[in-house]
Amino acid sequence: MENELKQLIIDTLDLEDLSIADIDSHEALFDGGLALDSIDALELGLAIRKKYNVKINAEKEDVGKIFASVSSLAAYISAQNVAPHY
Amino acid sequence: MSGELIPLSHCATAKRQDNLPLAFHAGHYYCADRFYAAVRHWVNLLQSQPFERYTLYTDDAYPFAVMLFALFHAGKEVWIPGNNRPGTAQQLQQQKCRLIGDWDKTQAFDYCLDSADYFNPAFLPLNSDTKLVIFTSGSTGQPKPIEKRLIQFQREIALLEKLWGKQLAAAAALSTVSHQHIYGLLFRVLWPLSAERCFHSRSYIDPELLADAIQDTPAYWIASPAHLKRLDRNSPWQTISALNAIFSSGGPLQYSTAQQILANSGQSVIEVFGSSESGGIAWRQQNRKPDTAWTLFEGMTLSCKDDRWHLHSPLAGKSGLPLDDQLDLQHDGRFFLQGRVDRIVKLEGKRVSLTELEQRLMDTQLIAEAFTVMIAKNRDEIGAVCVLNQKGLAQLKASGRNQLIKEIRIALYKWFEAVVLPRKWLFVDRLPLNAQGKIDQHILMQLLDGNYRKFPQVLGFEMTCDSIELMVKVPHKLIYFADHFSGYPILPGVVQIAWADYFGRLFFAIDEPFLNMEVIKFVKVIQPEDELKLTLDWKKDIGKLYFNFSSEAGMHSSGLLLSR
């Protein structure tokens, strides 16, 4: 799941200069080494909605915590308990 | 909304209409009495502090309004930075600014929004000469402070209200742009406060969340091209069509985007053109025709002196303000925009100075020479072309390209927001020049903005006048791998020849067609994610292009393309 998400991040955001091995599951996506931005968050949110059929509601949930790292994102999606949607 | 504007100088003291919410923040509506109480609480606190100059950054717009007016009433000087990056904080502190608001990520700032300071005596209205300082990236590369007075904002609000006040009626302001820049500051905080319209405190990054927040209440949207161009058929069009208005600023909206919004929602986006220095300059609504001209706001005129356009505006601090844009002025007084005169670019609505970016790249001590360029596409990106110095080259060898890029990005992140950090990188031994001796932007754009479904990703190159070595990586998403072969993808030989042809033409300006091939050899297969060196030698006098693909594993293929 985590590697799948890393690949999704690389493909969605066209980050050719990263490979799965370069992303640490626990590193901060937005403030740390990856330094993603709010537009990335938007595009990533859309990609996750499309692939996992999971909608992240910023009104009700702490988006910062969900998007904190690959591992927190994976945990959130798993908790929604839905199968990938192709 | 009563039709009368409250002067900004009276925004924290005026009697407002009962029961009208002033803002929506963190799930609650805040009315005037709570706003005034919070302002008073902070005025008391701030007045007991010895500092004179504060720099205010908040994530949400309502606490921003509370703190802004509290600082004003406490007689403090207010500086409003565009971001809260540590480098920005450090620079402002050096200018004797006291940080206030959301600067420390590890600790939430308590805005005391529910303080019950109702019994303190009300204070006097502000002087309309009260000033604040905002920042813009100047042409020198350093963020430039610009002083604005309340009266300037007041005049602009009067212009806006006259044009669109009726249309907005009692709708609430929702925004996808930050209030830390002049457009958001004016449109989502100051104008609503003055016109007694409710404003939403948080920024809605995703239009769907904005739609959820609106529900069935009247609303208008303060947007930017960056967000509008991402609307698609799944966007909440029903809600969008019910909006009282959509405003867009921060760069021109593409005609196709304007058309899509018009077709799906019937909304004709109101675009506002302006700058931090000048305030609003002009507006337009693109309807049926591409490239609609801009209409100046009331009371403004343009003149051209020494090839530079100057604005004469009642909103600007001085008359004859030089503009950074090239204009084409029509007989009817309207005009077309024709690009910037300096090296400031707008990237997803964020202004960035390429000069400053290049300087900061060189400040990393890893790069001897840097060139940056904006790649405008669905997602605008910055491409960086770097000549590494000894230390940089050593690091590239020791830790690899991806780690090096990561390290440089982290260094830049101290100074810039993530949006403007370079996404495309080329490491070269020298910057390629064109016939005029200027940096050859055409070649660099082609290499940085590659189509990785058909071409390799170029990682860097080294060149002499008739020979070039390109470091390339074979993308896994190339269309050629799909059926060549299923389960065992290898790069077809004909594609290798096509790549040699493509890069040969790009670098050596070859315009004659190749008629023949000689000594073509395919020695070793090329697979997805392989990193290769492509060597090209062009013998112009005899019309021969020699190519050779090699890697650490040895030679993969080579041959000669002949143009005669």
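Within every chain, numbering begins at 1; the chains are lettered A, B, ... in the order of the sequence lines, protein sequences first and strands thereafter.
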Taking B:K350 first and then A:D37, would you say they form a salt bridge - that is, a charged N and a carboxylate O separated by under 4.0 Å? no
What residues of residues 416-423 of chain B sit under 4.5 Å from chain A when you count only heavy atoms? B:A418, B:V419, B:L421, B:R423
Counting heavy-atom pairs under 4.5 Å with chain B, the top scorer among A:L13, A:L42, A:D14, A:L18 is A:L42
B:Y413 versus A:F30, closest heavy-atom pair with distance: OH-O, 3.0 Å
Quick check: does any side chain N or O of B:K406 sit under 3.5 Å from a backbone N or O of A:D22, one acting as donor and the other as acceptor? yes
Less than 4.0 Å between a side-chain N and a carboxylate O, is that true for A:D17 and B:K424? no
Quick one: CD1 on A:I39 to CG on B:L347, what's the gap to the nearest 0.5 Å? 7.5 Å
Output all residues satisfying side chain to side chain contact (heavy atoms under 4.5 Å, CB included) with B:Q180, sequence neighbours left out; order by chain, then residue number. B:Y57, B:T58, B:F64, B:I80, B:P81, B:S178
Which region of B:E208, side chain (C-beta onward) or backbone (N, CA, C, O), has a non-hydrogen atom less than 4.5 Å from a non-hydrogen atom of chain A, or is it both or neither? side chain
Give a yes or no on whether B:N451 atom CG has more than 12 heavy-atom contacts from other residues, nucleotides or ligands under 6.0 Å away. yes
Sequence neighbours excluded, the answer for salt bridge (charged side-chain N to carboxylate O under 4.0 Å, His left out) partners of B:K473 is B:E529
Should the pair B:D206-A:K55 be classified as a salt bridge under the 4.0 Å nitrogen-to-oxygen rule? no
Would you say NZ of B:K477 has more than 12 non-hydrogen atoms from neighbouring residues, nucleotides or ligands within 6.0 angstrom? yes
Comparing A:L46, A:D11, A:D40, A:L15 against chain B, the one with the most heavy-atom pairs below 4.5 Å turns out to be A:D40
Across all chains, not counting sequence neighbours, the side chain to side chain donor-acceptor pair (under 3.5 Å) partners of A:H26 are A:S71
Within a 6.0 Å radius of atom CD on B:Q254, are there more than 12 heavy atoms belonging to other residues, nucleotides or ligands? no
